[in-house]
Structure formats: structure tokens, C-alpha cells
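Heads up: the structure comes next, in C-alpha cells.
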Amino acid sequence: MTITTPHLGSPAGAWTDAQLLYALEEVVEKELNRHLKVAKDWMPHEYVPWSDGRNFPGLFEDGEAWEKEQSKVTEIGRIALVVNLLTEDNLPSYHHEIASLFGRDGAWGTWVHRWTAEEGRHGIVMRDYLLTSRAVDPDKLEQFRMSHMSEGFESDNRHSMLHSVAYVAFQELATRISHRNTGHQSGDPVCDRMLTRIATDENLHMVFYRNLLKAAFELAPDLTMQAVRDVVVNFRMPGHGIPGFERAAAQMAIGEVYNLRIHHDDVLQPVLRFLKIMEIDGLGTEGRKAQEELGLYMDGLDSEASKFDEKLAARKARMAARAAGA
């Protein structure tokens, strides 16, 4: 993809990843400084109900095997917590990808390492909570982790720095929403508080990438529009390789943790609205085409989400009728 005309001082012809990285360095430094001012350090161990903990079978003679009845969280809570934690577990692969794309030097490198350190807290506190509170089967959790991480992770957008920035702008918000809704649906106030804390971090990460994406539009509007189009149309959550992900995703959709309506209204639309994506003018042929295709896709997604809403409402009505007749 190329830019046919320069914009705001950009070089004529194609932007390379190296040129964009250099051109956005000052923006990264500004956003990094802003992030460090507003981000609050927090202690994962303060969110874990340690007094609820007891030994599992193994080295300890008094170990107690896990039973479903021991869990304080709802069924949908258990499903979503496992998916969310396994997604966080792949942090080494995520770090490798963004470090390879963004580099390890300067403001970019500082951000890469800071982001990784903050994300590390999420896996720590979630696993400690799940094991201490006996929210999920610990054996299955570890088996899933080994299977998932042994497969490795490769982003759909690893070919392009610009596509990767666009992707994480949406993905960080999607993760925030998934954590927030999991907490609300968990049935456990302790779990809800923990996931609310994690969601706050994810929102700050989204703001960093969203603002960076806005700056990319000022530098390379056509390329950025095409990248956003590609990412939105082909969006997949990073945990799509988790064993049984499709079934879990379907259950999370029905449980209103994450579904088409949430994806459209709470993830895609807020970012696109902030960027004023459909108001951007001065685009070249390819940029205008991408903008039009993006608009058509969002309209289609809204229609699909409405169909899902109808099916979900009908399902709730059937369940309510059964409960009333029981």
C-alpha cells in the first residue's frame, strides 16, 4: 500500500515501518509520559482472598480435591475467567511480537517493557484468585495453559506495524470490556473488584494506542484507513487459539460477557467515533475505498448484532417461561 500524495510533511511515496516508527516517536514519548502520570501502581496480593485458601492434593496429606460446589462464581463466570486468564498467560508471545515490531530502544522500547510489566500483574492476580478461592478446576486450568502456550501465538497483524497499532487500539478495549463484564457476571464481589482493577489498566492501554492511531492518521491517512479497515473486518481476540475457544465464546455471548452487540457498541464504535473515522477527508483512492468499506461493514455488523439481540431475547423469554411453569 502506498500514499499517492504526501500529507503533513510525510515523504512522497510509500511509508515503511521504520519511517513510521521514527515519525511517531515523539507521540509515543508524549503518550508514555501521560500514561505514567495517570497510571496507579497496585499490589496484586491485595486483591486475593488468601484466608480462603487451602491445600490441594499432591505433596500435602491434607490436600482437598477441587469440587464444583466449592466455587463462589457462576457457571458463566468460570468459563470467562478461564478464557481471560489463558489469554493473559500468552504475555511472553505478545511481548515478543510488539518488541519485534516496535523495538526495544527509545520511547517505543520503554513503552513495550512498561506495558509488559503492567500486563504481568493481570495474570498474577487472576491465577492467585482462581486457585485461592477455588473458583475453577486447577488441574484443567493448568492443562489448558500448557496446551495453549505450547501452540504459541502469532498475530494476524504481525506483518505491519500500522496494522498492529490499529489492532491493539481495539483489542485493549475489547479485553477491558471482557474483564469488566466477567466481573459483573461472576456473582462474587471479590472477583468483580479484581477484574474492575484490571479493566482500568486495559482502558489506559487502549487510550495510549488509540491516541497513537490518531497521530498515524495525521501522518499517513490512506495507509491508516486501510489498516483500520483490515483490522476491523478481520478482528479476532488474541485468545482464539485456546482449547475449546469457540464453544466458550458462544457461552460468553449468551451470558452477555462478550457478543456481537457488545463488540459493535462498546468496542468498535467508541474508537471509530473518537477518530471521527467517517469524517476524515482528503483521502486518496485507496483510502476512500477503505473508508466506504468500513462504513458498510459496520452497518452490516449492526444488523447482525440486532439479529443476535432478537435470538437472545427469545431465549431469555423461553427460560423465564420454563422457570414460571416449574
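Any value given below was found using the heavy atoms of this structure, including those in side chains, with hydrogens, waters and symmetry copies removed. Predicted model, so just to flag it, every value in this text is computed and none were measured.
In this structure, the side chains of Val232 and Tyr297 come closer than 4.5 Å at one or more pairs of heavy atoms. Side-chain atoms of Glu293 and Val233, non-hydrogen and from C-beta on, never get closer than 4.5 Å to each other. Lys68 places a side-chain heavy atom less than 4.5 Å from the side chain of Arg78.
Checked by atom type, the side-chain pair Asp188/Ser133 shows no donor-acceptor distance below 3.5 Å. Neither side chain, Gln251 nor Glu75, offers a donor N or O lying under 3.5 Å from an acceptor on the other. Judged by distance alone, the side chains of His122 and Glu202 do bring a donor and an acceptor atom under 3.5 Å apart. Checking Glu172 against Trp115 by side-chain atom types alone, a donor-acceptor pair falls below 3.5 Å. Between the side chains of Ser306 and Arg261, at least one donor N or O sits under 3.5 Å from an acceptor N or O. No donor-acceptor contact under 3.5 angstrom links the side chains of Asp128 and His45, judged on distance only. No hydrogens or angles considered: a donor-acceptor pair under 3.5 Å links the side chains of Trp42 and Asp201. A donor and an acceptor atom, one from each side chain of Thr175 and Gln171, are located under 3.5 Å apart.
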Do Arg229 and Glu292 pass the salt bridge (charged side-chain N to carboxylate O under 4.0 Å, His left out) test, and can you show the C-alpha distance, the side-chain angles, and the key distance before you say yes or no? CA-CA 9 Å; Arg229 183 267 320 273; Glu292 291 169 3; over 6 Å; no
Arg145 vs Glu142, salt bridge (charged side-chain N to carboxylate O under 4.0 Å, His left out): CA-CA, chis, key distance, verdict: CA-CA 5 Å; Arg145 188 190 71 83; Glu142 178 59 11; 2.8 Å; yes
Does the salt bridge (charged side-chain N to carboxylate O under 4.0 Å, His left out) test come out yes or no for Glu304 and Lys307, once each step is laid out? CA-CA 5 Å; Glu304 289 297 313; Lys307 293 177 184 176; 3.5 Å; yes
Determine whether Asp41 and Arg114 satisfy the following criterion, salt bridge (charged side-chain N to carboxylate O under 4.0 Å, His left out), listing intermediate values before the conclusion. CA-CA 12 Å; Asp41 278 336; Arg114 173 71 189 198; 3.7 Å; yes
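Here the closest non-hydrogen pair linking Arg134 and Ala65 is NH1-O, 3.5 Å. Between Leu81 and Met126, the shortest heavy-atom contact is O-CE, 3.8 Å. Summarising the geometry of Val271 relative to Ala169, their closest heavy-atom pair is CG2-O, 4.0 Å, with the distance given to 0.1 Å. Annotation for Val83 and Thr87: closest pair O-OG1, 2.8 Å, computed over non-hydrogen atoms. Closest of all the heavy-atom pairs between Ile280 and Leu283 is O-CD1, 3.9 Å. Contact record, Met225 with Gly287: CG-O, 3.4 Å, taken as the closest heavy-atom pair.
A salt bridge links Arg158 with Glu154; the closest basic N to acidic carboxylate O contact falls under 4.0 Å. For the pair Asp52 and Lys72, the salt-bridge criterion is met [side-chain N within less than 4.0 Å of a carboxylate O]. Remark: Asp89 engages Arg127 in a salt bridge, criterion side-chain N to carboxylate O under 4.0 Å. Salt bridge status for Glu31 with Arg210: absent, with no side-chain N to carboxylate O gap under 4.0 Å.
Rounding to the nearest 0.5 Å gives a distance of 10.0 Å between CZ of Phe102 and CD of Glu97. Distance check, rounded to the nearest 0.5 Å: CG of Leu101 to NE2 of His159 gives 10.0 Å. Note that CD of Glu218 is 11.0 Å distant from CG of Leu213, once rounded to the nearest 0.5 Å. Separation of atoms NE2 (His264) and CD (Gln269) is listed at 4.0 Å; rounding is to 0.5 Å.
A donor-acceptor distance shorter than 3.5 angstrom exists from the side chain of Thr224 to the backbone of Ala216, with no hydrogens or angles considered. No donor-acceptor pair under 3.5 Å is formed between the side chain of Gln70 and the backbone N or O of Ala135. Judged purely by atom type and a 3.5 angstrom limit, Trp50 has no side-chain atom pairing as donor or acceptor with the backbone of Thr132. Here the side chain of Ser178 pairs no donor or acceptor atom with the backbone of Ala174 at under 3.5 angstrom. Remark: side-chain polar atoms of Asn259 are paired, donor with acceptor, to backbone N or O of Ile262 under 3.5 angstrom. Proximity of a side-chain donor or acceptor of Asp302 to a complementary backbone N or O of Met298 within less than 3.5 Å is not detected.
Aromatic ring pairs are classed by plane angle as parallel below 30°, tilted from 30° to 60° and perpendicular above 60°; the pair His205 and Trp111 is perpendicular. Using cut-offs of 30° and 60° for the angle between ring planes, the Phe208 and His35 rings count as perpendicular.
Hydrophobic clustering (side-chain heavy atoms under 4.5 Å, transitive across Ile, Leu, Val, Met, Phe, Trp, Tyr) groups Leu173 together with Phe235.
With Phe245 as the aromatic partner, Arg236 does not meet the cation-pi criteria of under 6.0 angstrom to the ring centre and within 45 degrees of the ring axis. The side-chain tip of Arg193 does not point at the ring of Tyr47 from less than 6.0 angstrom away and within 45° of straight on.
When each of Val257, Thr200, Asp266 is paired with Arg180, the side-chain contact (heavy atoms from CB on, under 4.5 Å) condition holds for Asp266 and for no other.
The number of heavy atoms from other shown groups lying within 6.0 Å of CZ (Phe274) is above 12.
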